[in-house]
*Asks:* 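Starting off with a structure, shown below.
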Amino acid sequence: MSDLSYIKRPNRPLQVYAVIFLIVLYVPILFIPLFSFNDSVYAKFPLTGVTTQWYVELWSREPMWAALWNSVKVGGVVSIISTILGVVAARGITRYRLPGKNALVTFIMMPLVIPGIIFGVALLVLMSRMGVPLSLYTVTLGHLIVCLPFAVATLLPRFEGFDKSMEEASADLGENGWWTFWRVTMPMVFPGIVASLLLSFTISFDEFIMAFFLTGTDPTLPMYIWGQLRFPQQFPSVLALSSLILFVSFFVVFVAQYLGRQGLDPDQ
Amino acid sequence: MTETSVSSTRKQRARNKGGLSGLLHRSENLRGYLLMSPTLLVMSIGILAPFLILVTMSLWTRDGFSFDTALTMANYERAWTEPIFGALLKRSFWISGIATVVTVALCYPMAYYVAFHVHRNKMMWIILMTLPFWTSYLLRVFAWKVILGYEGVINSGLMVVGLIEEPLEFLLYSREAVIITLAHAWAAFAILPLYVSLEKIDKSLLEAATDLGDGPVARFLRVTLPLSLPGIIAAAFLIFIPTTGDYITPALLGGPDGAMIGNFIQLQFGPVNNWPMGATLSIVLMLWVSAIALVFLFITRLAKDKIA
């Protein structure tokens, strides 16, 4: 009787619940692409006809392309910096037994558990007191604070997971520190690095609260969308734009998650 | 060689060789701190410095278009005495609290299902459950505006079917709309910690409970639920704390009845242009959130001691 038969047995009510849960999770979001193909300015039933005109319209929107480019620039810089900082931090945390380590890790993770608006206004106040004009640079700093905890959280299990004896073997065989890192450590943590890059980019790309307080005259894409939401006649193009962002985000995150967990999960 | 034996031989060497190796050992630690230092530096610039200046500014007052930098508690007095601030805070905590309870309650069975009843492709399930979280928060909130709006999915759908003649007006711009949206938008934050804590439970304990005569309900209440408590607490914190300061959802879906303290803080930094007051409200919000978190932690610690 030790095979825990009740766990192995399928639990019908729970299964049904799980399916309903997933539907409720996804359906609200899927209304966005659904209405983006609708032939009406209003996002409502009944659907009036299928059209791709809202997507075509997006092509000619200069401010939108500028905002997109701003988001890509910020996201690229943020993802690279936060991944580099995440790698060295994760390395420091896992490789050495440092006194006060837990307190430091908690400090790094703090942005996860503090209302975002407080970070936004605090950085805004700091920048204005130091006389730093709001620009994409201030947005980048804000996004860095938001993304770093995620980068560290993604990279930590990777660095924790690997076998130190491999590095010791490499050192015993005469490799110096840098070559050991480059040829032994790096390949083992590489999937984590890619995952961290992709996740940081996605988070920065979608981030709104920091950008809201720290953007100067160059809006990021979410700020552009926020501005468009005020005009009901812009709704369809916002829907089209949102659908595109949605699918790209889904794809990128799916790849990132897959890479990030590969080899870590015993079930796979 | 295991980690402990490495460090013990290192310690031994340090003892044998005296000062020099001791120093080397310490420089080992130093290298660790050195590796963490760039990250800590960035976080200090991003967290510590802004907070210090925020606290300072909260003690200033507005003086026309500039600030009076004489330190005073005037803003805090205002925040304490004017009923609007207390009411907004209470409402924020109420809305976030309900959203937290709803989210954790709905996500628990889901996490339980994946942890206990899914055997193949667990990773797939986890990705599926957390994928929507990675789309822009703004878009998820916007999606609910499309659904709950006056001419939104629900209203227009019900009218097409013929169940209602006129759109239901209470759907949008209400506290309920804010709660529904928050619960949906933050589900991933509940799922992950719940799943992790449920997955960690040693299944042989459940077996033992069964052998000792517990039925499924008793087994759940006496073994599974208490052991998953850390996950429940983590999930509650991860949702409650950030949502208390949310202002996007109330701004898009709340209406006057659903405005939260975050909207008020934003107003102080925007149209009202009273930054010191905004700084004060931010600090007050943080203090309240910390106080609530501490009380909550204290109670759960007591409860845990009682179980153990």
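Order of the sequence lines fixes the chain letters, A, B, ..., with proteins taken first and strands second; residue numbering starts at 1 for each chain.
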*Asks:* Do H184(B) side-chain atoms and L25(A) backbone N/O form a donor-acceptor pair below 3.5 Å?
*Replies:* yes
*Asks:* Side chain, backbone, both or neither: which part of V153(B) has a non-hydrogen atom closer than 4.5 Å to chain A?
*Replies:* both
*Asks:* Work out which heavy atom in P38(B) is nearest to a heavy atom in L85(A); give both atom names and the distance.
*Replies:* CB-CD2, 3.4 Å
*Asks:* Is it true that atom OH of Y26(A) has more than 12 heavy atoms of other residues, nucleotides or ligands lying nearer than 6.0 Å?
*Replies:* yes
*Asks:* Any sub-3.5 Å donor-acceptor pair from Y33(B)'s side-chain atoms to G92(A)'s backbone N or O?
*Replies:* no
*Asks:* Select one option (side chain, backbone, both, neither) describing which atoms of S44(B) are under 4.5 Å from chain A's heavy atoms.
*Replies:* both
*Asks:* Look at I209(A), I245(A), I225(A) and state which one has the largest set of heavy-atom pairs under 4.5 Å with chain B.
*Replies:* I209(A)
*Asks:* With side chains defined as the heavy atoms from C-beta onward, is the minimum distance between M129(B) and L22(A) less than 4.5 Å?
*Replies:* yes
*Asks:* Should the pair F235(A) and F142(B) be assigned to parallel (<30°), tilted (30 to 60°) or perpendicular (>60°) ring geometry?
*Replies:* perpendicular
*Asks:* Please answer whether the main-chain N or O of L139(B) pairs with a side-chain N or O of S242(A) as donor and acceptor at a distance below 3.5 Å.
*Replies:* no
*Asks:* Do you know which two heavy atoms are closest between P111(A) and M43(B), and how far apart they sit?
*Replies:* CG-CE, 3.5 Å
*Asks:* Closest heavy-atom contact between Y96(A) and G32(B)?
*Replies:* CD1-CA, 3.3 Å
*Asks:* Determine the interplanar angle of the F119(A) and F51(B) rings, folded into 0 to 90°, and report it as parallel if under 30°, tilted if 30 to 60°, perpendicular if over 60°.
*Replies:* tilted
*Asks:* Could you look at I81(A) and say if it's the side chain, the backbone, both or neither that has a heavy atom under 4.5 Å from chain B?
*Replies:* neither
*Asks:* Report which part of Y113(B) has an atom under 4.5 Å of a heavy atom belonging to chain A: side chain, backbone, both, or neither.
*Replies:* both
*Asks:* Could you tell me which portion of F250(A) (side chain, backbone, both or neither) has an atom closer than 4.5 angstrom to a non-hydrogen atom of chain B?
*Replies:* both
*Asks:* Of the non-hydrogen atoms in I118(A) and S282(B), which two are nearest, and what is the gap between them?
*Replies:* CD1-O, 3.5 Å
*Asks:* Side chains of P50(B) and V125(A): closer than 4.5 Å at any heavy-atom pair?
*Replies:* no
*Asks:* Heavy-atom count check: over 12 atoms from other residues, nucleotides or ligands less than 6.0 Å from Y137(A) OH?
*Replies:* no
*Asks:* If you look at every heavy atom in G46(B) and I145(A), which pair is closest and at what distance?
*Replies:* CA-CD1, 3.3 Å
*Asks:* Taking all non-hydrogen atoms of both residues into account, name the closest pair between L14(A) and P109(B) and its distance.
*Replies:* CD2-O, 3.7 Å
*Asks:* Measure the shortest side-chain to side-chain distance between I108(A) and M36(B) over non-hydrogen atoms and say whether it is less than 4.5 angstrom.
*Replies:* yes
*Asks:* Does any non-hydrogen side-chain atom of L138(B) lie less than 4.5 Å from one of D206(A)?
*Replies:* no
*Asks:* Can you tell me which portion of I203(A) sits under 4.5 Å from chain B's heavy atoms? Options are side chain, backbone, both or neither.
*Replies:* side chain
*Asks:* Given a strict heavy-atom distance threshold of 4.5 Å, which part of I114(A) is in contact with chain B: side chain, backbone, both, or neither?
*Replies:* both
*Asks:* Taking the six-membered ring for Trp, are the ring centroids of F212(A) and Y247(B) within less than 6.0 Å of each other?
*Replies:* yes
*Asks:* Heavy-atom pairs under 4.5 Å with chain B are the metric here; pick the option from A89(A), G142(A), G86(A) that has the most.
*Replies:* A89(A)
*Asks:* So, Y17(A) versus Y112(B), ring centres under 6.0 angstrom or not?
*Replies:* no
*Asks:* Quick one: what part of S82(A) sits under 4.5 Å from any heavy atom of chain B, side chain, backbone, both or neither?
*Replies:* neither
*Asks:* Heavy-atom pairs under 4.5 Å with chain B - which of V88(A), I84(A), L141(A) has more of them than the others?
*Replies:* V88(A)
